[in-house]
2 protein chains.
Amino acid sequence: MGRGKVTLKRIENQINRQVTFSKRRSGLLKKSHEISVLCDADVALIVFSTKGKLSEYATNSSMERILERYERHSYAETQHTSTNIESQEISPLDQVKLKARFELLQNRERHLMGEGLDSLSLKEIQSLEQQVDTGLKHIRLRKNQLMLGTISQLQKKIKEKEKQGTQHELEQQTNDMMPAFHVGMLSNRHGNLRLACLIRSDTFQAGGDGEVEENPRSQPATVIPPWMVQHMTNK
Amino acid sequence: MGRGKVTLKRIENQINRQVTFSKRRSGLLKKSHEISVLCDADVALIVFSTKGKLSEYATNSSMERILERYERHSYAETQHTSTNIESQEISPLDQVKLKARFELLQNRERHLMGEGLDSLSLKEIQSLEQQVDTGLKHIRLRKNQLMLGTISQLQKKIKEKEKQGTQHELEQQTNDMMPAFHVGMLSNRHGNLRLACLIRSDTFQAGGDGEVEENPRSQPATVIPPWMVQHMTNK
DNA sequence: GAGCCTATGTATAATTG
DNA sequence: TCAATTATACATAGGCT
């Protein structure tokens with residue numbers, strides 16, 4: 001579309017970015033409406049511009065209903081991990097405390113993500129930088145670990161294949177392995193499902209065949225769509 | 001597209017509808033991601049198929065954050081019409097939700113700090129790395145800003161002193177300045193956490209320069225777009 | 001924001017294997 | 001029958017006015 005291929009990178013020119021945003025936003029709203037009508041789907045789209053202006057679309061203009069439906073899905077996933085202690089009453093005092101702590105936590109999260117920093121002093125910023133920097137190192141360590149694990153797994157598989165397959169077969173199967181590999185790597189553990197609500201990047205469904213009726217507990221098919229892979233690796 | 005103009009009407013053929021849904025959905029996810037990256041926008045997209053299968057996209061994979069931001073917005077708009085909710089009791093259901101979200105937030109914080117990463121998949125780790133890396137850049141930007149501000153303030157003071165003061169007085173006061181400056185930066189205003197349907201919170205306003213961020217009272221783009229009017233009147 | 005021009009992207013039908 | 005591929009007819013959006 002337009003002139004020239006789209007490079008998936010933030011548009012630096014402020015004017016162009018604004019214009020493109022405006023055009024793409026209306027395109028997105030339109031398409032959301034179309035899929036909603038054509039395919040009888042429930043769609044909710046929320047868009048905040050850089051400046052914080054809100055645009056939204058929701059099937060039947062009922063955003064609340066769809067968001068509720070969404071939360072039902074997400075909570076259903078966390079349900080079985082939490083014990084029944086959850087349903088106990090909370091005293092009014094605790095409510096206040098909980099609210100306060102909640103607010104603190106929220107602020108903390110924003111700060112860790114580099115948002116809302118204006119209220120912090122230089123000292124606080126420096127401390128924050130230190131913490132995030134250390135955290136990032138840990139994250140990268142873990143990533144490395146995962147990747148190396150994957151690589152050695154793959155190498156093992158290939159060696160197994162080499163022992164029995166002809167050269168031709170081997171090439172075949174090496175290529176076939178990639179999708180399988182993704183599924184393997186991404187199908188996430190049930191160890192900690194709580195995160196599922198926050199980081200749900202794993203929900204791009206690939207081709208819809210055997211549909212499962214409204215069953216949030218089933219792990220979604222987790223193949224990264226090609227366009228996203230491209231972007232993730234292109235940085 | 002395809003053969004023949006698209007008629008905005010539910011596709012009756014069940015197979016075609018499913019295929020079209022699948023394709024359009026991936027298109028929508030792609031475009032959502034694109035506008036998010038290209039235009040630096042916060043996007044949340046939720047799609048339920050006819051059969052109830054959920055697909056979603058959220059900028060930075062943080063659906064919770066965006067939905068919260070959304071609720072903050074819409075809540076602020078209706079705020080003046082509703083009574084003061086602050087002191088109201090929290091319903092048992094909301095208590096459960098609050099607790100669940102609290103746990104999510106805690107987990108999230110740990111992850112951002114590089115702890116408890118074992119439960120994350122490679123893809124989640126990559127997304128996390130991306131977010132923390134970006135956040136760290138913001139933090140360093142802000143730190144720089146603060147330091148430069150401090151420096152120029154100091155220089156200004158020094159020049160003033162040079163015009164009248166002796167060398168000795170100057171050194172005294174330069175040292176005294178640092179704490180005073182920090183106190184100034186720390187004074188922040190916190191909004192209150194509110195609880196209406198779920199939990200909402202007001203962000204602190206950007207304290208410093210002319211940030212426009214988040215003006216909930218201004219009406220969002222609620223003018224019905226032409227393509228929608230067309231459909232509404234065409235049935 | 002609207003309108004024009006046009007290179008590209010996409011949705012669907014047609015075809016193939 | 002059905003997944004995969006190709007062809008076609010639009011739709012989209014970038015750069016410009």
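Within every chain, numbering begins at 1; the chains are lettered A, B, ... in the order of the sequence lines, protein sequences first and strands thereafter.
What separates CG of B:Asn13 from P of C:dT12 is a distance of 12 Å, to the nearest Å. As a whole-Å value, the separation of B:Lys31 NZ from C:dG9 C1' is 7 Å. Distance B:Lys30 NZ to C:dT10 C1': 9 Å, rounded to the nearest Å. Look at CD1 on A:Ile15: it is 14 Å from C1' on D:dG15, rounded to the nearest Å. One interatomic measurement links the two molecules: CZ of B:Arg17 to P of C:dT12, which rounds to 13 Å at whole-angstrom precision. A straight line from CG of A:Leu29 to P of D:dT12 spans 12 Å, rounded to a whole angstrom. Rounded to whole Å, atom P of C:dG9 lies 13 Å from atom CG of B:Leu38. Taking atom CD of A:Glu34 as the reference point, atom C1' of C:dT10 lies 11 Å away to the nearest angstrom.
Side chain A:Lys23 to base C:dG1: no donor-acceptor pair is found below 3.5 Å.
Listed nucleotides: D:dA11, D:dG15, C:dG1. Nearest to the side chain of A:Lys53: C:dG1. Nearest to the side chain of B:Thr20, among C:dT12, C:dT10, D:dG14, sits C:dT12. Here the side chain of A:Arg24 is nearest to one of C:dA13, C:dA11, D:dG14, namely D:dG14.
At a threshold of 4.5 Å between non-hydrogen side-chain atoms, the residues A:Leu54 and A:Val47 do not count as touching.
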Stepwise side chain to side chain donor-acceptor pair (under 3.5 Å) test for B:Ser127 and B:Gln131: CA-CA 6 Å; B:Ser127 167; B:Gln131 289 173 59; 3.0 Å; yes

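With salt bridges taken as basic N to acidic carboxylate O contacts below 4.0 Å, none links B:Glu71 and B:Arg69. Salt-bridge check for B:Lys51 with A:Asp40: failed, with every basic side-chain N at 4.0 Å or more from each acidic carboxylate O.
Put simply, A:Arg25 has a side-chain N or O that comes within less than 4.0 Å of OP1 or OP2 on C:dG1.
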